[in-house]
Amino acid sequence: MHNHVAWRRLAPMVMATMLIATAAVSAQNPAPAESGPLSLQLDQAVALALDQGPAVKAVTWKAKAAENKASAANRTHWGQLDAVASIDRFEGDRVLMPLSRQLIEGGLPNAPFDRDQIHYGLTYTIPLYLGGKLSAGIEIAKFEAARADALREGTRWQVRFNVVSLYSGVQTLDAAIKASGSLIETLDAVQKRLELMVENGKRPELDLLKVQDQTGEAKAQQAALQAQRTKVAGLLLSLLGEDPGRPLEVTPLTDLDPQLSVPVDSLQTMALASSPVKRAQLASRQAGSGIKAARAGFLPSVVGQAYYMAHHADSVDSDPTTWQLSVGVKLPVFNGTSRFAALSAAKAGQRAADEALKLARLQREADLNDALARLDAARTGLAAAKARVASATEAARSEQIRYDSGASSIEDLLRARTREEAAHTALAQATGELKIAAEQLNAVVETEVIR
């Protein structure tokens, strides 16, 4: 029963980390299976996730795509040069030529009315003035690239936190399985002694039945823990880009004493400079560029054009060439008031982005306060768990001696052994929670301020 209570306390931490990891890797294909178990320490798991994890790779490529889009938008300043060609079949030789002979002595020459004509050359278009629309569009693309880069950096810290959480969950489950195994071994030994004592009439058969019942319950709980361990380990391997079915061995977390390497007062400044706030700031500035682009719709646009063409026809010995330079001006007059609506939408988007920025700052401050409180609570919990293990171990030892001497009942012994098992599980859980709390603080400020 105590083992079941300990697992209920462990379950929220494990399930939360599983959901985070599942969201990060659900869209990715599993990596090819590798032979043999994978043995990892925590630092190795973090490095592996950051190096080849699908979640990190996905946001890295998204950032690269946004950077290339911004570069492409910036190069539109230089205009566009195209090579063009066309082939025409004209009916002028059937209609215009006969008519011209009746109107003009000698008629018109074939060119430019040849039946078959070929035109080829170059065209060049360059924006000279678009009312700021082009510049605003380039700014929007650059802000989008900066936001993608900030998302990439934030994702790296989130993936690191996920790895630590899942790794801690695996080692906690390993400790729970080990403690459950120790309890089963003890119960088996007690059961064998009881069987002899019952045969000799020294103990009632009811004591043996109670031990058998407790042994069956312990084995069922151990099987449930092993199944949960398989699930959590699979999620961790998926986050690392490994085959989820590959056997995984982790090193238990021990002797943790994380300390801050920076003053507490500087943590708020660091938290407000992290990627969620940075993305919100960039979104606000991007919305400002959107207002500029909307206002540009009310201003005239000036575009320069040039072309150089060569023409081929059967009636012409050498291909003649033509060229043209032109400047076109377009002044917006009426568009069903859509430009006013677009400007209003851009202004509303700016206000929404400003409010989102305020919310991002407040949420980051709340995250920082939560991380610091959780760190203090984890320290206290670890100290209490260590003391609990010492007292439970001594109590179980004493209760075993008392039971062997006939001074206590089988219920007292079973309760003592169960408390001892729960204490070892709680110690592993408290150790993992302290490591998770420390990594949560690092993830909030996106700097390794505690290790």
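For the single chain, residues carry numbers from 1 onward in sequence order.
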**Q** Return the CD to OG1 distance between Q429 and T172, rounded to the nearest 0.5 Å.
**A** 6.5 Å
**Q** Does E139 pair with K292 as a salt bridge, N-O distance under 4.0 Å?
**A** yes
**Q** Tell me the closest heavy-atom pair linking E420 and A396, and the distance in Å.
**A** OE1-CB, 3.4 Å
**Q** Going through the distances and angles, do V262 and I450 end up as a side-chain contact (heavy atoms from CB on, under 4.5 Å)?
**A** CA-CA 8 Å; V262 298; I450 187 170; over 6 Å; no
**Q** Under the 3.5 angstrom rule, does the side chain of Y167 hit a backbone N or O of L40 as a donor-acceptor pair?
**A** yes
**Q** Taking everything shown except E448 itself, do over 12 heavy atoms lie less than 6.0 Å from its CD?
**A** yes
**Q** Is the side chain of E153 donor-acceptor paired with the backbone N or O of A150 at a distance under 3.5 Å, no angle test?
**A** no
**Q** Below 4.5 Å, heavy atoms only, C-beta onward: do L434 and L375 meet side chain to side chain?
**A** yes
**Q** Are I126 and Q305 close enough, and set up right, to give a side-chain contact (heavy atoms from CB on, under 4.5 Å), and what steps lead you there?
**A** CA-CA 7 Å; I126 183 170; Q305 292 181 325; over 6 Å; no
**Q** Report, as yes or no, whether the 6.0 Å neighbourhood of atom CZ on R285 holds more than 12 heavy atoms from other residues, nucleotides or ligands.
**A** no
**Q** So, for E242 and L38, which heavy atoms are closest and what is the spacing to 0.1 Å?
**A** CG-CD2, 4.1 Å
**Q** I'd like to know if the side chain of S180 reaches the main chain of A176, judged simply by a donor and an acceptor atom lying under 3.5 Å from each other, with no hydrogens or angles considered.
**A** no
**Q** Under the side-chain contact (heavy atoms from CB on, under 4.5 Å) rule, what do L187 and L414 come out as? Steps first, then yes or no, please.
**A** CA-CA 8 Å; L187 291 173; L414 295 179; 3.2 Å; yes
**Q** Would D43 and R451 count as a salt bridge (charged side-chain N to carboxylate O under 4.0 Å, His left out) here? Give the steps.
**A** CA-CA 11 Å; D43 291 342; R451 184 177 177 84; 3.0 Å; yes
**Q** Report yes or no: do Q440 and D367 form a side-chain donor-acceptor pair below 3.5 Å?
**A** no
**Q** Check whether any side-chain heavy atom of H77 sits under 4.5 Å from a side-chain heavy atom of L134, and report yes or no.
**A** yes
**Q** Is a donor from one side chain sitting under 3.5 angstrom from an acceptor on the other, for Q158 and N162?
**A** yes
**Q** Using atom types as modelled and distance alone, determine if a side-chain donor or acceptor of Q52 lies under 3.5 Å from a backbone N or O of L240.
**A** yes
**Q** Before giving the answer on side-chain contact (heavy atoms from CB on, under 4.5 Å), spell out for L343 and I291 the whole-Å C-alpha distance, their side-chain angles and the decisive distance to 0.1 Å.
**A** CA-CA 6 Å; L343 180 58; I291 294 177; 4.1 Å; yes
**Q** Spell out, as yes or no, whether a donor-acceptor pair under 3.5 Å connects the side chain of N200 to the backbone of L196.
**A** yes
**Q** Quick one: pull up CD in E199 and CD in E195 and give me the separation to the nearest 0.5 Å.
**A** 7.5 Å
**Q** Under a 3.5 Å threshold, yes or no: a donor from one side chain and an acceptor from the other, between Q350 and D354?
**A** yes
**Q** Looking at Q171 and P252, what are the two nearest heavy atoms and their distance?
**A** OE1-CA, 4.0 Å
**Q** Looking at R147 and E144, is any side-chain nitrogen of the basic one under 4.0 Å from a carboxylate oxygen of the acidic one?
**A** yes
**Q** In the structure I gave you, are the side-chain heavy atoms of Q400 and L413 within less than 4.5 Å of one another anywhere?
**A** yes
**Q** Any heavy-atom pair between the side chains of L382 and K386 that's under 4.5 Å?
**A** yes
**Q** Please confirm whether the backbone N or O of A378 pairs with a side-chain atom of E433, one donor and one acceptor, at under 3.5 Å?
**A** no
**Q** So how far is it from K62 NZ to T155 OG1, rounded to the nearest 0.5 Å?
**A** 8.5 Å
**Q** For Y308, look at atom OH and say whether over 12 heavy atoms of other residues, nucleotides or ligands are found less than 6.0 Å away.
**A** no
**Q** State, to 0.1 Å, how close A385 and L427 come at their nearest heavy-atom pair, and which atoms those are.
**A** CB-CA, 3.7 Å
**Q** Is it true that atom CZ of F340 has more than 12 heavy atoms of other residues, nucleotides or ligands lying nearer than 6.0 Å?
**A** no
**Q** From L183 CG over to K219 NZ, what is the distance, rounded to the nearest 0.5 angstrom?
**A** 11.0 Å
**Q** Let's go through S275 and E446 carefully: what are the C-alpha distance in whole Å and the side-chain angles of both, what is the deciding distance for side-chain hydrogen bond (donor to acceptor under 3.5 Å, both in side chains) to 0.1 Å, and is it a yes or a no?
**A** CA-CA 8 Å; S275 61; E446 295 186 353; 2.4 Å; yes
**Q** For A280, does its backbone N or O pair with a side-chain atom of S284 as donor and acceptor, under 3.5 Å?
**A** no
**Q** Any non-hydrogen side-chain atom of Q214 less than 4.5 Å from a side-chain atom of T418?
**A** yes
**Q** To the nearest 0.5 Å, tell me how far T230 OG1 sits from L235 CG.
**A** 11.0 Å
**Q** If I compare all heavy atoms of R229 with all of L173, which pair ends up nearest, and what's the gap?
**A** CA-CD1, 3.6 Å
**Q** In sequence, state the C-alpha distance, the side-chain angles, and the governing distance for N335 and S338, and then conclude on side-chain hydrogen bond (donor to acceptor under 3.5 Å, both in side chains).
**A** CA-CA 6 Å; N335 197 18; S338 63; 2.9 Å; yes
**Q** Mark yes or no for whether R388, through its side chain, and R419, through its backbone, hold a donor-acceptor pair below 3.5 Å.
**A** no
**Q** Minimum heavy-atom separation for F161 and A443, please, with both atom names.
**A** CB-CB, 4.2 Å
**Q** Would D412 and R402 pass as an ion pair if we require N to O under 4.0 Å?
**A** no
**Q** Within the side chain of S266, is there an N or O that forms a donor-acceptor pair under 3.5 Å with the backbone of P263?
**A** yes
**Q** Kindly indicate whether the side chain of Y124, heavy atoms from C-beta on, has any atom under 4.5 Å from the side chain of Q80.
**A** no
**Q** Quick check: do K64 and N68 have side-chain heavy atoms less than 4.5 Å from each other?
**A** yes
**Q** Rounded to the nearest 0.5 Å, what's the gap from CZ on R339 to CG on L299? Could you check?
**A** 10.0 Å
**Q** Do V444 and D370 come within less than 4.5 Å of each other through their side chains, counting heavy atoms only?
**A** no
**Q** Counting N and O atoms only, with roles assigned by atom type, does the side chain of S71 sit under 3.5 Å from a partner on the main chain of E67, one being a donor and the other an acceptor?
**A** no
